[in-house]
Protein chains: 2
Amino acid sequence: MATIKEVAKLAGVSVATVSRVLNDSGYVGAESRKKVEQAIEELEFYPNEVARSLFQKKSKLIGLLLPDIANPFFPLLAKGAEDAVNQLGYSLILGNVQDDVEKEEEYLKIFEQNNIAGVLSAVQGSSKRLKNIPLVNLDRVESFEQYAVHTNDYQGGMLAAQAMADRDPKQVVIMVGPKEVPGSFERLAGSIQIFKERDIAYHLFQTTSFRLEDTDETVELFFKEHPNADSVVASNDVYALAIMREAVKRGINIPDELQIIGYDDMPFSRLTYPGLSTIAQPAYEIGYKGAQLLCNCIENKPVKTKRIQLPVELVLRESLREKVEHE
Amino acid sequence: MATIKEVAKLAGVSVATVSRVLNDSGYVGAESRKKVEQAIEELEFYPNEVARSLFQKKSKLIGLLLPDIANPFFPLLAKGAEDAVNQLGYSLILGNVQDDVEKEEEYLKIFEQNNIAGVLSAVQGSSKRLKNIPLVNLDRVESFEQYAVHTNDYQGGMLAAQAMADRDPKQVVIMVGPKEVPGSFERLAGSIQIFKERDIAYHLFQTTSFRLEDTDETVELFFKEHPNADSVVASNDVYALAIMREAVKRGINIPDELQIIGYDDMPFSRLTYPGLSTIAQPAYEIGYKGAQLLCNCIENKPVKTKRIQLPVELVLRESLREKVEHE
């Protein structure tokens, strides 16, 4: 590989000038800058990022913490984050925390050791464990966190309940997401507001995770506790699909005998028939906007909105009955 | 953070001894080693990986290249790789290449600039573009590649065709995977061998990707070209599910009028009813074993098998008819 000296020689400038161009610091005339850039290109000179990060005490790496890479919501979020950081000249280290605090601490340690420029985290509580490194929380955001991109869970809960309330529900069951995920309560509160306003009775079914591995057990318990449920507001798409599968298997007609709405709009939710109605979360955009926000923080650029809230929307497919128009 | 000097002081040894312990080089007495380790723990001293990697010219980072993070096969593979590298003291940088050669080159450049210790790649052709860095190819492996973990695609193609041939197929269509993926031909060859042996006629339907985004178009074309297909050997689970959805939508009974088998056994393939029969690929294990192999290469440990081939297996669910026993 070419050295900085060779670049300087070819460009006809000093090593210090090349260094100023590389670090984007200090004055360099337009003409010199152009010559240096041409020389860099011609010699295929890529400054060693390790040497650079040691010198600058900051690398061009961004760490992303995910709670569960096997949940398809998070690969989409990761893809959005990755596209944004790449466009801005950074790259991404992925840490899959698997809802394990020790693993998370391990990753944060690795990030610090690599002089990481900033952290994106979809894992709760990272802000308590990170010091002096720019952090943007994604998706699972707590109220005290400073920089965040998340969706409006309360609105999502309202939209789901509204769609159900409009479709003549008889026995409503709301599946409540895991207690430790802050959004679960927001969604529940939003749904309850609507059902109360519309004077519709509902039952609650508490779940303990969003994970695929726990669906069999959860679905069994669900049908045991609520054999007559006819309208289900599910905690996410995975659980909604699992309940639909079990219902179809039992010969229960979807949506006539059991209507259901999910949450997330995972890519696979449109591959079944009946298709799953759901609340679409902009997973890709959460990652994308979060990464942009983080890079602005890292580069000390002015940040207009520290906490970005993205809208969710209702997606109607065949798992809900026709809307009933009341006079 | 504590410095190496403070560690040395607390342990009552020289800085050089601490350094030898950290780098695991040169002689250190058992007693001194123990004292250094205790001091490291007490002071929570974590050597800076950037400084270490500059010195050693090798970081503790491993790069993983994926063709498409939104395809659920790859997050599972990534999870396996991550678990293995973590256990061995490394961490993972993820690069999502999105079937884009330029993006791949961009990532390889970033990897080299960060003095990466080794690369795991599920993207084809990486071996041509990487020099002097240990590389293990995963899943999409070409015959000339030296270190690899992959499955037996030929056997998978045979298993899928065998399952179909045993179930009285009338109009067989084999969906062929994208031409540029080496495994596509292997699977096709395996399927053809079985159908030829059993004297069963078949049609071919060529697909251009494994991507979810392309399912609508592909499924439309499929039903246009093969309206009377009654037995489909699909190229992957995503396409199999998409064909099942369209069939159910059209009122075609699964499996009586149309039976189908997928490939991969994605986590979501068991969430539909009828459930999708498929060929299970050990995605997690491919990542896990690949990472172990890579770490052995990096650490110059003896490697018994350079190319590891993992078995695939038939998973039977409701999308195939009952087996017909011929006398």
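This is a predicted model, so every value here is computed, not measured. All chains are named by letter (A, B, ...) in the order of the sequence lines, taking the proteins before the strands, and each is independently numbered beginning at 1.
- Residue B:F74 does not touch chain A at all, counting heavy-atom pairs closer than 4.5 Å.
- Put simply, of B:E213, B:K249, B:M244, the one with the most heavy-atom pairs under 4.5 Å next to chain A is B:K249.
- Of the atoms belonging to B:L61, it is side-chain heavy atoms, and not backbone ones, that fall under 4.5 Å from chain A.
- A:R270 has its side chain out of reach of B:L241: every pair of non-hydrogen atoms, C-beta onward, lies at least 4.5 Å apart.
- Of the atoms belonging to B:E246, not a single heavy atom falls under 4.5 Å from chain A.
- Other residues, nucleotides and ligands contribute at most 12 non-hydrogen atoms within 6.0 Å of the CD atom of B:E220.
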>> Test side-chain contact (heavy atoms from CB on, under 4.5 Å) on A:F268 and B:M266; report intermediate values, then the result.
In response: CA-CA 11 Å; A:F268 305 95; B:M266 292 186 331; 4.1 Å; yes

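- Contacts of B:N71 with chain A are absent, with no heavy-atom separation under 4.5 Å from either backbone or side chain.
- The candidate from A:G95, A:G63, A:P72, A:A247 with the greatest count of non-hydrogen atom pairs under 4.5 Å with chain B is A:P72.
- When B:D83, B:L76, B:N96 are compared by the number of non-hydrogen pairs under 4.5 Å with chain A, B:N96 comes out ahead.
- B:A78 and A:I69 make their closest contact through CB-CD1, 4.1 Å (heavy atoms, listed as atom of the first residue, atom of the second, distance).
- Heavy-atom contacts from other residues, nucleotides or ligands closer than 6.0 Å to CD of B:E42 number 12 or fewer.
- Remark: A:L92 CG to B:L94 CG distance equals 7.0 Å, nearest 0.5 Å.
- Both the backbone and the side chain of B:A70 come within contact range of chain A, judged by heavy atoms closer than 4.5 Å.
- The part of A:D68 that comes within reach of chain B is its side chain, from C-beta onward, which places non-hydrogen atoms under 4.5 angstrom from that chain.
- The OH atom of B:Y107 lies 3.0 Å from the CD atom of A:E82; values are rounded to the nearest 0.5 Å.
- Within a 6.0 Å radius of NZ in A:K289, no more than 12 heavy atoms belonging to other residues, nucleotides or ligands are found.
- Heavy atoms closer than 4.5 Å to chain A are found in the side chain of B:D216, but not in its backbone.
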>> Does B:L271 form a side-chain contact (heavy atoms from CB on, under 4.5 Å) with A:V238? I'd like the steps, not just the answer.
In response: CA-CA 8 Å; B:L271 289 182; A:V238 170; 4.2 Å; yes

